[in-house]
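Everything on this sheet refers to the single structure shown next.
Residue numbers begin at 1 in each chain, while the letters A, B, ... track the order of the sequences.
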Amino acid sequence: MRGMSRTFIGVAWPYANGPLHLGHIAGCYLPADIYARYMRLRGEEVLMVSGSDQHGTPITLHAEEEGTTPEEIAERYHRRNAESLRRLGISFDLYTKTHREGHFRVVQDIFLTLLNKGFIYRKSMESPYCPKCKRFLPDRYVEGTCPYCGYPKARGDQCDNCGRTLDPKDLIDIKCKICSSTPEFRETEHFYLKLSAFEGRLREWVSGKRNWRANTLNLTMNWLKEGLKDRPITRDITWGVPIPVDGYEDKRIYVWFDAVCGYLSASLQWAEETGDKEAWKRFWLDENTRHVYFLAKDNIPFHTIIWPAMLMGYSEQYHLPDDVPANEYLKLGGEQFSKSRGHALWLDDFLERYSADNVRFYLSYIMPENRDATFDMEEFVQVVNTELVGNVGNFIHRALSFTATRFGEVPGLGELTDADREMLSHLERSFRDVGDLLDGFRFKEALKRALELSHEANRYFSSQEPWKLIKGERERCGTVLNVSLQVVKGLLMMLHPFVPFKTSEMWRELTGKGIQESHWEDALGGVEEGRVLRKTPPPFSKIEPFEKVEEREVKEMEEKEYVTVEEFLRMGLVVGKVLEVKDHPKADKLYLLKVDIGEEVRQIVAGLKGIYTPEELEGKLIVIIKNLKPAKLRGEISEGTLLAAENDKGVVSILQPDKEIEPGAPIH
RNA sequence: AGCGGGGUGGGGUAGCCAGGAUAUCCCGGCGGGCUCAUAACCCGCAGAUCGGUGGUUCAAAUCCACCCCCCGCUACCA
């Protein structure tokens with residue numbers, strides 16, 4: 001495992017249809033980054049790439065909902081997610097995207113090569129087509145009654161009630177999920193990837209991977225055991241990589257075929273950008289490179305079956321995945337994170353409030369390596385405060401600050417006692433263990449081993465009582481501090497892959513070097529005697545819980561963007577005076593208000609009947625949004641709206657100025 | 001339905017594949033110590049018949065069988 005010269009790290013491509021949440025991070029970005037940082041420290045040449053997966057039907061629909069283009073949606077989330085990942089300190093060598101010329105070329109090249117070799121073939125299928133939406137519907141976008149259990153909202157691919165896998169044709173009373181009209185079935189020709197042709201080779205290849213994680217290996221073996229089915233790799237949509245064959249202008253390459261090609265296209269892009277166009281070959285065509293892919297459990301077959309099959313078919317020379325350490329899921333309040341339902345903690349929200357180190361620390365601490373884990377806000381605060389701040393941070397700080405204030409420099413090492421020797425051997429042992437665990441992708445365990453060492457160091461420090469030694473045994477005290485500082489140095493290195501920001505700073509403080517320029521093994525080389533140490537603030541500070549953010553709603557979360565002052569002013573909030581209140585002729589809860597807003601009198605339709613009487617309203621000063629787009633409500637025009645508060649019990653309260661002021665007075 | 005993962009003191013969690021003597025660690029509770037350090041740190045105590053039943057074995061949290069419960073996946077949510 002060690003001693004290889006190069007490591008390629010591929011990380012699953014997040015779908016650019018929404019923001020990243022903590023589940024994504026714990027699932028693959030953080031473990032990938034921990035590994036990449038560790039490998040670089042060990043002197044490996046690392047290439048870590050990923051990017052936004054920007055194609056597919058959900059993005060098209062999202063764009064339609066917002067009245068914009070798929071490009072706009074895909075770019076928005078690409079930029080936003082790239083920025084979040086950068087702030088979290090995920091050290092990609094390149095984070096790119098799939099809607100790119102260079103990516104298209106690679107996908108089309110792989111596609112054509114497989115086509116020419118007979119690994120891709122054409123076949124007709126019957127697919128639901130919505131005449132009203134004028135498009136073919138993906139399985140998830142048709143709904144109907146389940147033929148097995150009678151559940152009326154079964155999807156085209158599966159019934160959520162009884163769990164059975166379905167074909168859209170099985171559904172009774174089939175409906176288009178977008179417009180509710182009845183789709184018809186139309187013949188459409190598609191390209192199929194001949195997975196069945198690779199079964200033998202894949203089986204042989206996988207048989208050499210006995211050290212893979214249980215979830216990865218079992219799932220893969222199971223697919224192979226059941227026999228591989230050829231799968232269609234094109235769809236009837238127009239947002240995606242075009243098919244490089246004439247006559248298929250209305251179809252695109254299916255996103256999963258598209259996305260995995262990104263590993264290669266991103267490598268090419270990286271090579272180009274670094275100025276050495278051939279550089280990618282070292283990673284893809286050289287035997288001495290190791291390929292590791294980080295992803296979560298739902299993505300396993302794409303990386304252990306489909307992508308390897310594609311590579312095998314494409315060329316004999318390309319490097320296949322060596323390991324695929326897939327994680328389980330991070331859950332929230334007992335349920336899975338869900339983009340669509342807004343049940344999530346968004347990364348950018350979180351980074352507004354907490355440091356990247358804090359977030360990384362906790363997610364590493366509970367990392368769902370072998371089983372689903374649960375994100376718990378209280379636990380987050382507690383673990384950061386007790387382990388990162390109280391245990392490690394405190395030890396580092398007490399050793400450094402004691403040395404700084406009493407010696408001002410790193411004291412020399414005198415004669416060692418048994419306790420010193422035990423401490424140092426504990427350090428070395430932990431250091432080896434952490435390295436071995438990281439090599440084996442056991443990140444959570446590695447972190448805990450480092451924390452244990454820190455506990456041991458706190459014990460050592462307490463038992464040696466340097467604050468007493470300083471009074472009469474200065475040299476002995478210096479020795480204890482020297483040993484402690486050696487442990488600090490080791491801890492900084494061991495923790496660096498997990499909490500890179502603060503450990504870099506502290507490492508420079510202690511050694512004068514950047515940790516990036518240091519080697520993993522430098523951690524055990526002792527501390528530089530006589531090096532001047534300044535008093536520094538504690539490395540980590542305690543945190544407080546976020547207010548109850550866990551159950552926030554979709555819209556709020558997803559479109560959370562600040563309102564600018566300009567936007568606020570554009571609404572045209574002004575004081576209005578109610579002149580007259582009449583019943584709406586065709587609605588039993590609406591009033592028609594005549595409101596003086598200074599420059600003119602507006603008619604406003606308000607749903608206040610039964611809440612306020614006309615007498616209560618007439619003459620009242622209220623707040624009006626005058627620039628609201630006029631709308632007809634039951635036939636009556638409403639030119640603006642009034643502001644009122646309403647709680648979940650249905651209590652409604654109108655906002656009004658608290659002193660007399662003339663109608664039309666602007667609010668800002 | 002099939003497949004994958006899991007059920008361990010009040011909460012969370014390690015150990016299980018390669019069976020063994022006081023079942024790990026964090027939080028929480030209780031009691032003590034220290035005063036270098038961010039009310040931190042250190043020590044001690046209470047608390048688990050390791051989902052259930054049966055089996056293999058000198059010995060089972062660990063292996064086998066059956067059952068119950070939770071979570072996930074089933075080809076576009078990490």
Quiz prompt | Cation-aromatic face contact A:R406/A:F402, 6.0 Å, 45 degrees | solution =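 Satisfied, under 6.0 Å and within 45°.
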Quiz item: Distance under 6.0 Å and angle within 45° of the ring axis: does A:R459 meet both against A:F395?
Solution: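 Pair A:R459/A:F395 does not count as cation-pi.
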Which residues share a side chain to side chain donor-acceptor pair (under 3.5 Å) with [X], sequence neighbours left out:
{"X": "A:Y29", "value": "none"}
{"X": "A:D433", "value": "A:R449"}
{"X": "A:E369", "value": "none"}

Give me the ring orientation class for [X] and [Y]: parallel if the planes are under 30° apart, tilted from 30 to 60°, perpendicular past 60°.
{"X": "A:F294", "Y": "A:F441", "value": "perpendicular"}
{"X": "A:F92", "Y": "A:Y95", "value": "tilted"}
{"X": "A:H99", "Y": "A:H55", "value": "perpendicular"}
{"X": "A:F111", "Y": "A:F257", "value": "perpendicular"}

Quiz item: Starting at the 5' end of RNA chain B, which residue's closest nucleotide do you reach first, A:I237 or A:K535?
Solution: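 Residue closer to the 5' terminus by nearest nucleotide: A:K535.
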Practice problem: Could you pick out which residue, A:P538 or A:Y329, lies toward the 5' side of RNA chain B when each is mapped onto its nearest nucleotide? | Solution: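 It is A:P538 whose nearest nucleotide is closer to the 5' end.
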Quiz item: Are A:L295 and A:V11 close enough that some pair of their side-chain heavy atoms sits under 4.5 Å apart?
Solution: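 SC-SC contact between A:L295 and A:V11 ruled out.
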Practice problem: Stems involving RNA chain B: give each as a range paired with a range, ordered by first number, where a stem means at least three consecutive Watson-Crick or G-U wobble pairs under 3.5 Å. | Solution: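 Consecutive-pair runs (3 or more) involving RNA chain B: B:1-7 with B:68-74, B:10-12 with B:25-27, B:29-33 with B:41-45, B:51-55 with B:63-67.
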Quiz item: Can A:F402 be called stacked on B:C36 when the rule is centres closer than 5.5 Å and an angle between planes below 30°?
Solution: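 Stack criterion not met.
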Quiz prompt | Whole-Å P distance, B:C50 and B:G9 | solution =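 It works out to 9 Å between them.
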Self-check item: Euclidean distance for C1', B:A14 against B:U24 (whole angstrom)
Solution: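 About 5 Å, rounded to a whole number of Å.
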Filtered N/O pairs between nucleotides 26-29 of chain B and protein, under 3.5 Å:
from, atom 1, to, atom 2, distance (Å)
B:C26, O4', A:Y365, OH, 3.4
B:C27, O4', A:Q382, OE1, 3.3
B:C27, O2', A:Q382, NE2, 3.2

Within less than 4.0 Å of OP1 or OP2 of [N], is there a side-chain N or O belonging to [X]?
{"X": "A:R459", "N": "B:C43", "value": "yes"}
{"X": "A:K444", "N": "B:A14", "value": "yes"}
{"X": "A:W256", "N": "B:A75", "value": "no"}

Exercise. Verify whether the ring centers belonging to A:F350 and A:F380 lie closer than 6.0 Å.
Key: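 Ring-ring flag for A:F350/A:F380: true, centres closer than 6.0 Å.
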Would you tabulate the nitrogen or oxygen pairs shorter than 3.5 Å linking the protein to nucleotides 7-9 of chain B?
from, atom 1, to, atom 2, distance (Å)
B:G7, OP1, A:R371, NH2, 3.0

